[in-house]
Amino acid sequence: MNIDFKNIIQELKRRRVFRVAAVYSGFAFIVFQIIDATFETLGIPTWLGKYTIVALVLGFPIAVGLGWAFDITDKGVVRTKDKPIEHDSRKPFVGNISLSIVAMIAIILAVWGWMKTPEVRSEGYQSIAVLPFDNYMGDASQSYFVDGMTEAIIAELARLKGLRVISRTSVMRYRDTEKSLPEIAEELGVDAIVEGSVLKAGNDVRITAQLIDGLSDEHLWANSFDKSLNQILSLQRDVAGAIAKQIRWTLKPEEVEYFTATEPINSEAYELYLKGWNQRLLETEASLKKAMNYYGAAISLDSNLYQAHAAKVVTHFLLRRQDGVKHTKGAVDKALELAPDAAETQMALAMYNQLFAFDVTGAQNSFERAIEIRPGDAEIRREYGLFLMRMGLFEESLVQLEISKAYDPLSPLSLRDLGMIYIRLGRGQEGIDLINQSLELAPDKAMAKTYRAMGLLSLNQVDAANSEYNTIVKNHEKHPRGKTLAEIRSGQGAELLHYADSMLHEIDSSNYFLQSLLNGLAGDIDKAIYFFEKRVAVKDPMLIFVNEDPVWDPIRHRPEYKQALLDLGFPADQPESFSDMLDGLYGPVSKE
């Protein structure tokens, strides 16, 4: 059978099939260009654009078929006559001028899209802030999950050595902010910002992220990532790895392997862990206890969830539980068994060695390993800086606390602790200025006020320090650090020593802490040293904090005290006492 292609082509022309195809293709091309040029900028999910494109492609043969079968005339839509006609006088519904306009619009859009497509800076980006993700679930009770995703992606990016990633505490202050992105970028000192959203539906999770240039406010990239709940860790790595690629960060082979690894988990247990983590960040006694309950429930569902085991240890440290050894030994051992190279595990081991095992060398090694794994983690840096301060290594502590502040510039804790180390280094006014910034962010924190009082003491402003201490006692019902020193220096020494002497007759001789403390205040230094050595013999966990409180000043000069700390693993060169430091700055002050 011979096919008359000439007649077929003539029939296609007569039925205006070519014209329909051209018009449809032109409009489809315009839609493609609009999707490509605007969806990322407007933050519209990429799946919607994909489905629109697929629908347009599938609609092409349908449009051609309808073009064959029907005509659009001034009398409406009618079936095309089957009999060929020599001359068709009907005015086409879409003429050549219209086709030309469609083609011109398509070309303009293509050129505009090409010219307007923003580009990542050729040198890439060196600092980034991941702003709090939006909750697309319409359920405020799911905020813990959304915040957990924000925190997790920050932690994953913090693995990239040299990239300054702003910590959670600082970025959370921009939730629901009306500030522009360039303003936020300037305040945080970053050159790139990530915004995004989280949607959890049933067993599926979608994270949508977009990258914005912090200076120009241009949207550089956006994408959506989908996985099931039991693949949530892989989903977090997918997002972080994609962001790293977009900012032109060169990943080492082991980093590529890490970001592409899959790690299925028990999703119900992981959500309990996230609830615990959300409570732990509040750092109140009540919230820390709630966190412990969540971790326990998570572990009962999945004993292989190393994050929950590690978090238990850190939370016990924050609670300063005296029975922490028996509660944390199993947890830290399990975390080491499951994930020895995780930053969370090494952080937990550092805290355990510091407070419960009293392995000073082990604690330092674990902190350094945690930093090696996640160098951009502000909390690890801050805790390591505090550990070094407790060891009396103030200059080394300053380095870590400065780094922590750079990663977390709006954290009250970072500002407070950095202020304290300045005070211990004899830079009292700088320290007070930082602590004042901390109190502006968190006005009710008693520890920050205590540090400010100690700063006032370091400047020899004894009356102001006493006033601060009295306010703390009134509002927070606690005896803050340094208050004893302030009382002695303001002429209340006789009253205080009388109180110490009377207390000695009431306390048990097995209370080595109070025996050492009160005998020192009462002036019986030999007995104070005797009970201090008893504390060392039993490895009282609270000994790790001796360099944080001036109350031990009466015995710091004794060689037995220095030897006891040396036996515990402290460095040989210990800092001068608070009172000796003051004497060195302002001359000796008489003491009762």
Side-chain angles (χ1 to χ4, degrees), residues 35-50 117-134 136 145-168 171 181 185 190-200 204-214 216-265 343 373-377:
I35 291 172
D36 182 61
T38 65
F39 271 39
E40 288 188 9
T41 301
L42 298 176
I44 300 173
T46 54
W47 59 265
L48 182 59
K50 291 177 182 177
T117 299
E119 292 186 3
V120 174
R121 301 176 191 175
S122 59
E123 70 275 17
Y125 294 84
Q126 305 302 312
S127 55
I128 192 167
V130 180
L131 297 186
F133 283 176
D134 293 328
Y136 271 19
F145 186 86
V146 178
D147 290 349
M149 296 304 99
T150 306
E151 169 84 11
I153 291 168
I154 290 172
E156 296 294 3
L157 289 170
R159 297 177 64 91
L160 304 176
K161 187 175 183 180
L163 178 65
R164 188 168 73 88
V165 186
I166 301 301
S167 186
R168 173 192 184 279
V171 297
L181 293 181
V190 297
D191 47 26
I193 285 179
V194 173
E195 289 185 315
S197 62
V198 177
L199 174 63
K200 182 176 65 169
D204 297 317
V205 182
R206 168 175 295 136
I207 296 178
T208 300
Q210 55 183 329
L211 179 69
I212 303 108
D213 186 287
S216 66
D217 199 17
E218 285 189 310
H219 288 63
L220 305 170
W221 162 87
N223 205 351
S224 293
F225 303 82
D226 301 89
K227 269 188 169 57
S228 59
L229 268 172
N230 67 345
Q231 289 289 339
I232 192 70
L233 299 184
S234 301
L235 175 60
Q236 295 161 4
R237 294 175 185 180
D238 286 349
V239 177
I243 293 170
K245 181 180 179 181
Q246 291 301 319
I247 63 174
R248 297 187 178 177
W249 203 265
T250 302
L251 297 178
K252 299 174 183 176
E254 60 270 21
E255 291 173 330
V256 173
E257 182 181 356
Y258 173 83
F259 282 118
T260 55
T262 57
E263 188 178 338
I265 59 169
I373 297 168
R374 196 182 290 164
D377 191 304

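Below, all heavy atoms of this structure are taken into account, side chains as well, without hydrogens, waters or symmetry copies. Bear in mind the structure is a predicted one, so any value in this text is a computation, not a measurement. The chain is numbered in sequence order, starting from 1.
Remark: Lys227 NZ is packed, more than 12 non-hydrogen atoms of other residues, nucleotides or ligands lying under 6.0 Å away.
Within the structure, salt bridge (Lys or Arg N to Asp or Glu O under 4.0 Å) contacts touching residues 255-264 (residues at least two apart or in different chains) are Arg237-Glu263.
The CG atom of Leu235 sits 9.0 Å away from atom OG of Ser228, with the distance rounded to the nearest 0.5 Å. The CD atom of Glu195 sits 4.0 Å away from the CD1 atom of Ile212 when rounded to the nearest 0.5 Å. How far CD1 of Ile193 is from NE2 of His219: 10.0 Å, rounded to the nearest 0.5 Å. Summarising the geometry, atom OG belonging to Ser224 is positioned 9.5 Å from atom CD belonging to Gln210; distances are rounded to the nearest 0.5 Å. We find the OH-CD distance between Tyr258 and Glu156 to be 3.5 Å, quoted to the nearest 0.5 Å. Rounding to the nearest 0.5 angstrom, the gap separating the CG atom in Asp213 from the CD1 atom in Ile247 is 12.0 Å.
Looking at every heavy atom in both residues, Asp238 comes nearest to Phe259 through OD1-O, 3.9 Å. Between Ser234 and Ala261, the shortest heavy-atom contact is OG-O, 3.5 Å. Pairing each heavy atom of Leu199 with each of Tyr136, the nearest pair is CD1-O, 3.3 Å. For Trp249 against Tyr125, the heavy-atom pair with the smallest separation is CZ3-O, 3.3 Å. Minimum heavy-atom separation, Ala209 to Trp221: O-CZ3, 4.0 Å. Of all heavy-atom pairs spanning Ala240 and Leu157, the tightest one is O-CD2, 3.6 Å.
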Handout entry: Check against side chain to side chain contact (heavy atoms under 4.5 Å, CB included), Asp134 and Thr208
Key = CA-CA 10 Å; Asp134 293 328; Thr208 300; over 6 Å; no

Exercise for the section: Assess whether side chain to side chain contact (heavy atoms under 4.5 Å, CB included) is satisfied between Leu131 and Leu181, documenting all intermediate values. Expected result: CA-CA 10 Å; Leu131 297 186; Leu181 293 181; 3.8 Å; yes

Exercise for the section: Decide side chain to side chain contact (heavy atoms under 4.5 Å, CB included) for Asp226 and Asp204; before the verdict, give the C-alpha distance in whole Å, the side-chain angles of both, and the deciding distance to 0.1 Å. Expected result: CA-CA 7 Å; Asp226 301 89; Asp204 297 317; over 6 Å; no

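Contact check for Gln246 versus Asn223: no side-chain heavy atoms found under the 4.5 Å cut-off. At least one side-chain heavy atom of Ile243 sits less than 4.5 Å from a side-chain heavy atom of Ile153. In this structure, the side chains of Arg168 and Asp147 come closer than 4.5 Å at one or more pairs of heavy atoms. Inter-residue side-chain proximity for Ile232 and Ile265 is flagged as met; some heavy-atom pair is nearer than 4.5 Å.
Put simply, the side chain of Ser127 gets close to the backbone of Asp191: a donor and an acceptor are under 3.5 Å apart. Between the Thr150 side chain and the Phe133 main chain, a donor and an acceptor come within less than 3.5 Å of each other.
Taking the side chain to side chain contact (heavy atoms under 4.5 Å, CB included) definition, one finds that Ala152 meets it with Gln236, sequence neighbours left out.
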Side-chain donor-acceptor contacts of residues 158-166 below 3.5 Å, not counting sequence neighbours, with atom names and distances?
from: Arg164; atom 1: NH1; to: Ala406; atom 2: O; distance (Å): 2.7
from: Arg164; atom 1: NH2; to: Leu188; atom 2: O; distance (Å): 3.2
from: Arg164; atom 1: NH2; to: Gly189; atom 2: O; distance (Å): 2.1

